[in-house]
There are 2 protein chains.
Amino acid sequence: MDVADDIARDVRSGVFAPGMWLKQIDLEQRYGCGRTEVRRALDYLAQKRLVQHVPNRGYHVFLPDGDRAAHILELRVILETAAVDSVIAQSTAAEIERIRGLARQFDEAILNGTILDQYEANLAFHRGLLGLCPNPELLNLVTELRGRTSSALAGQWSTRARVEQSSREHHDMVDALAAGDAERLRDVIATHIRQPQRK
Amino acid sequence: MDVADDIARDVRSGVFAPGMWLKQIDLEQRYGCGRTEVRRALDYLAQKRLVQHVPNRGYHVFLPDGDRAAHILELRVILETAAVDSVIAQSTAAEIERIRGLARQFDEAILNGTILDQYEANLAFHRGLLGLCPNPELLNLVTELRGRTSSALAGQWSTRARVEQSSREHHDMVDALAAGDAERLRDVIATHIRQPQRK
DNA sequence: GTGCATCATATTGGCACCAATTTTGGCAAA
DNA sequence: TTTGCCAAAATTGGTGCCAATATGATGCAC
């Protein structure tokens, strides 16, 4: 699903505004592919709830729904804090350093990268952390959940203060992980995930 | 997605054995629909991981993977036990009676229903219980996770002892809910979900 | 008799066309 | 000026056809 990823990226980066109708002909030309592939990609994204399908009308970018986003963030809190114990159990010095490196790459993206770079670096950090959990399905699921709410993130991530706080929290997580402090790691993760929903 | 549901039902009920190749022409004739609809349904089911897509080869029903099933069951334990507190908080006498009724309908399905009836009744019970949770996305997610492992269930549910134990556990859950005993409800739910993976 | 290359067959996957439905623009009437 | 209606344009969704690809069988060489 290559075209689907392209569309998803453009949705996340704000090229396609929330609520905007995605005409199949436009997508066909924009990505240089056939109608079949466009339809398949749109169906895929509709199932991932990034776009919404209205029969005989077409597909439009999902409108950000504050309640739904909050609910999905709560699911992420549940899953990611539930993984903490096994993450700490599986962590080695080398792994901790690798994750610290990912936190630093996020800092780097804040300084010199685009919004999308920051998004990717943040994703890489969280994937690196959750990757220690011996349940690979948990990582898959959290990644999928993240994809369901990210369309609204473009605006949320815009302030510098917020991304810098995210950076601090990343390093807090690594420190808590290195200290083997499960309780603190859970707290930091919970506040970190819930952060974007502050009004 | 009507055809997709039909195919899913046939996969769950064992008409299509695990690993079996699903030829588009056969499905087209079996369900009396066009190729387009078959392809959409197969793509949909591939994303739900009920079938697997191999380019230029086709789609075959997912082979049961013990490790993956166990991992997904653990995710269900995490999510469904995490919902317990809010479920108890939201429960009223009327709701508890309604859920007890669903447990009785499962008993009824054991006596007089097919395997598929039992599956549906079990699903209805769990949906009824989780429906009390104020986070609707949690119910959606658990339902989806349940769908990801059910292809292997046909064999697991075959013994009478097992379904009867499931029935007892359902009633235990209702009792714990009525008593407001969160700890016990969590325990019962956890053992109930993990039950099928006993070797 | 066995292994390998080749060819026939069956199946998938994309493309172009066509029908069905919705939206848009214009026109007339109140 | 506004409102309702009708026609035209645009867009979606489905059907049929054809190329690309994998599979299995056949025949040939060793």
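The sequence lines fix the lettering, A, B, ..., with proteins before strands; numbering per chain opens at 1.
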Hey, is [X] close enough to [Y] for a salt bridge, meaning N to O under 4.0 Å?
X        : Y        : answer
A:Glu144 : B:Arg148 : yes
A:Asp43  : A:Arg40  : no
A:Glu74  : A:Arg194 : yes

*Could you run through nucleotides 8-22 of chain D and give me one letter per nucleotide, 5' to 3': B if any protein heavy atom sits under 4.0 Å from the base, S if only the sugar-phosphate is that close, - if neither?*
---SBBBB-----SS
I need the [atom1]-[atom2] distance between [X] and [N], as an integer number of Å.
X       : N      : atom1 : atom2 : answer
B:Trp21 : D:dG24 : CH2   : C1'   : 15 Å
B:Leu42 : C:dT12 : CG    : C1'   : 11 Å
B:His60 : C:dT12 : NE2   : C1'   : 14 Å

*Got A:His170 and A:His192 here, is their nearest side-chain heavy-atom distance under 4.5 Å?*
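A:His170 reaches A:His192 side chain to side chain.
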*A:Asp107 vs A:His171, side-chain hydrogen bond (donor to acceptor under 3.5 Å, both in side chains): CA-CA, chis, key distance, verdict*: CA-CA 10 Å; A:Asp107 303 343; A:His171 288 287; 2.8 Å; yes
